[in-house]
Q: 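Below is one structure. I have some questions about it.
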Amino acid sequence: MDKKEMQAVAELMMQSSNTLVLTGAGMSTESGLQDFRSAKGMWAEKDPIQMASREAMNSNYGEFHQFYQDRLQALEKAGPHQGHNILARWEKKGWIKGILTQNVDGFHTAAGSQKVWELHGSLSRIICCDCGDQGSLSAFREKQPCQECGGLLRPGVVLFGEGLPEKEWQEAMEHLEEANMLLVIGTSLEVAPVNQIPLTFKDRGPMVLINKGSVPWPQLFKIHLQGAAGEILDRIDKILSGTD
Ligand code: APR
């Protein structure tokens, strides 16, 4: 990994008064969770529309339920890694202002980050498919019906074909208006509308990409640190703390 480039990222962060972070599934692979579009990602083995769409939920609840049951089980055996912990510490130090995430694993919050916008919802928040009433994880696990209306239960994540949670999106966009640096970590930027964020941010300040893979608009990024998020964040953290 090029130390000069990491030093340049540290300098950009110190010059910025308001850095936001945007993360995707690549932020949690070092925790042992699969991402979606890498060679061994979830969508290499399964069809997203078959598994994670409203249509799948309505027409094939058994398979839909099993898919999320498996993801909840994987979540139970995993947790935040050093990269999540470093981002939480950077927020406490004021080096970043908050995190917009596509991830539904809750690891940023679990690591102690306070300002987190979960733009694709949260796996562990269970709701009723029909009335939207809150359900419990155990009720979902045991395939119990909604206590309110008897409907089917689902995780509170954004399914393909659904809109993003309005309040989270609105708040995140307002904070993006104020930011003057964007650090994008572990996302292929393949899915709208989140993948439009770098396009709307590009004239507001430098953008840095920390990602193993490529993205559709690499030229938008001042620096692309190609490698594992946890390791790279650790190196930058050491440079910022003067211990590298
Ligand atoms: N460090 C850095 N980058 C990584 C790491 C890692 N340890 N592991 C994987 N990556 C990179 C991959 O190379 C890939 O470019 O992270 C990116 C993950 O991209 P996706 O798997 O497409 O995940 P994401 O961008 O979050 O997907 C967006 O798609 O299916 C929907 O709702 C789902 O929120 C998800 C959305």
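As the structure lists them, so they are numbered: ligands from 1, and atoms in each ligand from 1.
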Q: Can you work out which protein residues put a heavy atom within less than 4.0 Å of ligand 1?
A: Gly24, Ala25, Gly26, Thr29, Glu30, Asp35, Phe36, Arg37, Ser38, Trp43, Gln102, His120, Phe160, Gly186, Thr187, Ser188, Val191, Asn211, Lys212, Gly213, Gly227, Ala228, Ala229

Q: Could you pull out the closest heavy-atom pair between Val194 and His120, with the gap in Å?
A: CG2-NE2, 3.7 Å

Q: Measure from the ring center of His65 to the ring center of Phe140 and say whether it is less than 6.0 Å.
A: yes

Q: Mind checking who shares a hydrophobic cluster with Val116, ILVMFWY linked at side-chain heavy-atom distances under 4.5 Å?
A: none

Q: Kindly list each side-chain donor-acceptor pair under 3.5 angstrom involving residues 125-138, sequence neighbours excluded, with atom names and distances?
A:
| residue | atom | partner | partner atom | Å |
| --- | --- | --- | --- | --- |
| Ser136 | OG | Ser138 | OG | 3.2 |
| Ser136 | OG | Ala139 | N | 2.9 |

Q: In the structure I gave you, are the side-chain heavy atoms of Asp105 and Leu33 within less than 4.5 Å of one another anywhere?
A: yes

Q: For Lys93, check salt bridge (charged side-chain N to carboxylate O under 4.0 Å, His left out) against everything at least two apart and list the hits.
A: none

